[in-house]
Amino acid sequence: MIKAFRVVYTILTLNFFLPAIAYCFAPEQAAETYYKLGSYIGADSTQPWSEESRFWLILGIGNVATLGFLCLLMLRDLRSNYNMLVPLCFLKGCSILGFLIAWFIHGHPSFLIGVIFDSLTIFCMIYFARNAYREMMEISPT
């Protein structure tokens with residue numbers, strides 16, 4: 001399970017850091033790609049709200065970069081940084097709640113896809129970190 005944790009958390013780290021960088025240089029393309037997800041399940045790819053605010057973009061970049069940083073800390077030393085799982089899941093859980101609220105308000109399928117993907121992500125975060133940590137503690141409790 002420790003190897004699986006390393007693979008999954010490497011993927012998660014890149015999954016957050018690379019988009020954070022992309023958001024800095026191509027924010028319009030990121031939003032367009034996200035809303036296009038709805039078209040894969042039959043919805044139009046229009047954006048229900050404007051995505052032009054740099055204020056929210058900057059906050060979003062900070063959020064995604066923080067997720068990547070927390071994953072990197074855990075990847076680097078799970079034993080010492082296992083407690084980072086709580087803020088990591090809180091941050092991702094806030095995204096799930098936000099997507100769910102947006103889906104209820106507007107009904108755009110991309111928001112529901114966001115709920116599903118982020119729920120799967122948070123499940124992986126918890127499952128692999130917990131099981132790898134338990135395995136580490138069984139091998140060497142101190």
Engineer: Can you list the other members of the hydrophobic cluster that holds W56, where links are side-chain heavy atoms under 4.5 angstrom apart?
Structural biologist: F55, L59
Engineer: Are V115 and S119 side-chain neighbours, meaning at least one heavy-atom pair lies under 4.5 Å?
Structural biologist: yes
Engineer: Can you see which heavy atom on L78 is nearest to which on A132, and at what distance?
Structural biologist: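 Closest heavy-atom pair between L78 and A132: CD2-CB, 3.7 Å.
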Engineer: Would I96 and Y127 show up in the same hydrophobic cluster when neighbours are defined by side-chain heavy atoms closer than 4.5 Å?
Structural biologist: yes
Engineer: Judged by atom type as modelled, is there a donor-acceptor pair below 3.5 Å linking the side chain of D77 to the main-chain atoms of S80?
Structural biologist: yes
Engineer: Give the minimum heavy-atom separation between C124 and V8, together with the two atoms involved.
Structural biologist: CB-CG1, 4.4 Å
Engineer: If you group Ile, Leu, Val, Met, Phe, Trp and Tyr by side-chain heavy-atom gaps below 4.5 Å, do I58 and L91 land in one group?
Structural biologist: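 Different hydrophobic clusters.
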Engineer: Minimum heavy-atom separation for I139 to I2, with atom names?
Structural biologist: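 For I139 versus I2, the nearest heavy atoms are CD1-CD1, 4.1 Å.
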Engineer: What are the two closest heavy atoms between M74 and L85, and how far apart are they?
Structural biologist: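 Closest approach of M74 to L85, heavy atoms only: SD-N, 3.8 Å.
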Engineer: Run H108 and F111 through side-chain contact (heavy atoms from CB on, under 4.5 Å) and show every step you take.
Structural biologist: CA-CA 6 Å; H108 197 283; F111 296 123; 3.6 Å; yes
Engineer: Can you give me the closest heavy-atom contact between Y9 and M125, atom names plus distance?
Structural biologist: OH-O, 2.8 Å
Engineer: Given the rule that I, L, V, M, F, W and Y join up when any side-chain heavy atoms are under 4.5 Å apart, are I11 and F128 in one cluster?
Structural biologist: no
Engineer: For the residue pair F16 and K92, establish whether any side-chain heavy-atom pair is separated by less than 4.5 Å.
Structural biologist: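 A side-chain contact under 4.5 Å exists here.
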Engineer: Restricting to side-chain contact (heavy atoms from CB on, under 4.5 Å), what partner residues turn up for L14, sequence neighbours left out?
Structural biologist: T10, L18
Engineer: Hydrophobic cluster membership, with links at side-chain heavy-atom distances under 4.5 Å among I/L/V/M/F/W/Y: are I21 and L67 in one?
Structural biologist: no
Engineer: Roughly how far, to the nearest 0.5 Å, is CD1 of I116 from OG1 of T121?
Structural biologist: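 The distance works out to 11.5 Å.
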Engineer: Search all heavy atoms of I61 against all heavy atoms of A20 and return the closest pair with its distance.
Structural biologist: CG2-O, 4.0 Å
Engineer: Taking side chain as C-beta onward, heavy atoms only, is Y82 less than 4.5 Å from R130?
Structural biologist: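 Heavy-atom side-chain distance check passes, below 4.5 Å.
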Engineer: Carefully, step by step, assess Y133 and E138 under the rule side-chain contact (heavy atoms from CB on, under 4.5 Å).
Structural biologist: CA-CA 9 Å; Y133 184 76; E138 288 171 7; over 6 Å; no
Engineer: Roughly how far, to the nearest 0.5 Å, is CZ of F90 from CD1 of I122?
Structural biologist: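 So the CD1 of I122 and the CZ of F90 are separated by 10.5 Å.
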Engineer: Distance check, rounded to the nearest 0.5 Å: S110 atom OG versus F117 atom CZ?
Structural biologist: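 Answer rounded to 0.5 Å: 10.5 Å.
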Engineer: Using side-chain contact (heavy atoms from CB on, under 4.5 Å), reason through F5 and N131 one step at a time and then give a plain yes or no.
Structural biologist: CA-CA 8 Å; F5 163 79; N131 288 315; over 6 Å; no
Engineer: Does R79 form a side-chain contact (heavy atoms from CB on, under 4.5 Å) with M137? I'd like the steps, not just the answer.
Structural biologist: CA-CA 8 Å; R79 186 183 300 267; M137 296 310 285; 3.2 Å; yes
Engineer: Can L73 be reached from V7 by stepping across I, L, V, M, F, W or Y side chains whose heavy atoms are under 4.5 Å apart?
Structural biologist: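 Not linked; separate clusters.
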Engineer: According to side-chain contact (heavy atoms from CB on, under 4.5 Å), who are the partners of L72, at least two apart in sequence or on a separate chain?
Structural biologist: T13, F17
